[in-house]
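Just below is one structure, and these are the notes that go with it.
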Protein chains: 2
Amino acid sequence: MRNREILLKAATEIFSAGGPQASLEAVAKKAGVGIGTLYRHFPSREELFEAVYRHEVDQLCDLALTLGHETDALAALRQWLQANVRLVATKKGMMQTLQLAVYGNPQLKASSTARMVEALDMLLKRAIAEGSLRNDISAEDLLRTLIGIYYAQPEENWQAKALKLLDIFLDGLRAKA
Amino acid sequence: MRNREILLKAATEIFSAGGPQASLEAVAKKAGVGIGTLYRHFPSREELFEAVYRHEVDQLCDLALTLGHETDALAALRQWLQANVRLVATKKGMMQTLQLAVYGNPQLKASSTARMVEALDMLLKRAIAEGSLRNDISAEDLLRTLIGIYYAQPEENWQAKALKLLDIFLDGLRAKA
DNA sequence: CAATATACGGAGGCACCCTCCGTTTAGAAA
DNA sequence: TTTCTAAACGGAGGGTGCCTCCGTATATTG
């Protein structure tokens, strides 16, 4: 099953650079694999999109798990949110791809959202428990805010602005001393 | 220049049914026009997407203008918001198409948003002036809420749920008697 | 060391993309 | 009305990518 992961990685790179309309043959080539192999693992373009999507979500959830062992819970939370922004910022064509995947499959979206909320909830609860965050915000609200920040997406220098917005928002969330 | 409009209409129908990856030859065929004619009017797929996008925004802005003459300003506002929901609901593949257009061209998004805000602002101000709406919400906020409702997009029976959310929200916005 | 099952590669038929150029149409000039 | 010309049109065709299918290679089992 090694090829599956190689293909996934190649697809991520190709779609990041070229958007969702990039050639699947380019993906196979980048993976050093025949086109037939690609289609055996991912019988349709949609399934490849969805697999890429799931993989991105997996990585974020894994990261949350790792960060869950940090001693400074607030810093961990900030790092995770920043990782979200960076993921979007570094992969230009990827957002179109993910967007497409999500529109084509509402239950994929539902399940991914649930997993993201779960991951975020854990980090959030830890920060609240350690006393560095006010306790009147839910993971759903925070995620929605994050999406709002993505969605705003001003044309230039987006990453810096998003990171700044994030910091401002997190400052607002701090428990009063 | 008649053909341009015929093509735009055909494209709207084809993309609504088949999503953005639908064949441009199908669009030309539906319009009863040669493929060459399509490409003369819209030199690239992106430009066709963008034209469709602009056209949808135009229609909403025109509608707002018409509704601006209604005597019941609150009802007019509600109708306009409902029209937004219906537009999304009746055109399955269209959201993917518009999404794609907007991701590929940030300034198209910026200008369309501005126009939508302007249209909405007019309706909103009228409702506030007539005294049926509280005055502490901006058109931007309302539009963002609308987008939030779109984005939530639960898999089934989305339209009914969205319309209901809208009503609840509008009730919350009413000026107290 | 077979025999069988599983995974692979890529040729090929098909659809679609977009360009290019010969044809048609509309409107001005004679 | 007829002729001329410029703008608009249509669609053939070369190229690319999609996806299937089947012959080949590698792993597994007896």
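Note: hydrogens, waters and symmetry copies are ignored here, and every other heavy atom, side chains too, is used. Chain letters run A, B, ... following the sequence lines, proteins first, then strands; residues in each count from 1.
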Reckon [X] has a side-chain N or O less than 4.0 Å from the OP1 or OP2 of [N]?
X	N	value
T37(B)	dA8(D)	no
H41(B)	dC9(D)	yes
N3(A)	dC8(C)	yes
S23(B)	dC17(C)	yes

On DNA chain D, nearest-nucleotide positions of I35(B) versus R40(A): which is more 5'?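 Checking each residue's closest nucleotide, the 5'-ward one belongs to I35(B).
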
Taking for each residue the nucleotide of DNA chain D bearing the nearest heavy atom, is the 5' side occupied by G36(A) or by L24(A)?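 Looking at the nearest nucleotide for each, L24(A) comes out on the 5' side.
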
Closest approach of A22(A) to R45(A) (non-hydrogen atoms, all atoms of both residues):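 Closest heavy-atom pair between A22(A) and R45(A): O-NH2, 3.2 Å.
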
I need the [atom1]-[atom2] distance between [X] and [N], as an integer number of Å.
X	N	atom1	atom2	value
I6(B)	dC9(D)	CD1	P	9 Å
Q21(B)	dG17(D)	CD	P	17 Å
L38(A)	dG9(C)	CG	C1'	12 Å
L48(A)	dC18(D)	CG	C1'	13 Å
R45(B)	dG17(D)	CZ	C1'	13 Å
E47(B)	dC18(C)	CD	C1'	13 Å
Y39(B)	dC16(C)	OH	P	12 Å

Report the distance from atom CD1 of I137(B) to atom CG of L173(B), rounding to the nearest 0.5 Å.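 Reported value, rounded in 0.5 Å steps: 4.5 Å.
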
Working to the nearest 0.5 Å, report the span between NE2 of H55(A) and CD of E50(A).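 That separation rounds to 15.5 Å.
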
Less than 4.0 angstrom from a charged side-chain N to a carboxylate O is my criterion; do K164(A) and D167(A) meet it?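 No, this pair does not count.
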
Would you call R54(B)-D58(B) a salt bridge at under 4.0 Å N-O?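 Answer for the salt bridge query: no.
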
Determine whether a donor-acceptor pair (one donor, one acceptor, N or O, separation below 3.5 Å) exists between the side chain of E25(B) and the base of dC18(C).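 By the distance-only test, yes, there is a pair.
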
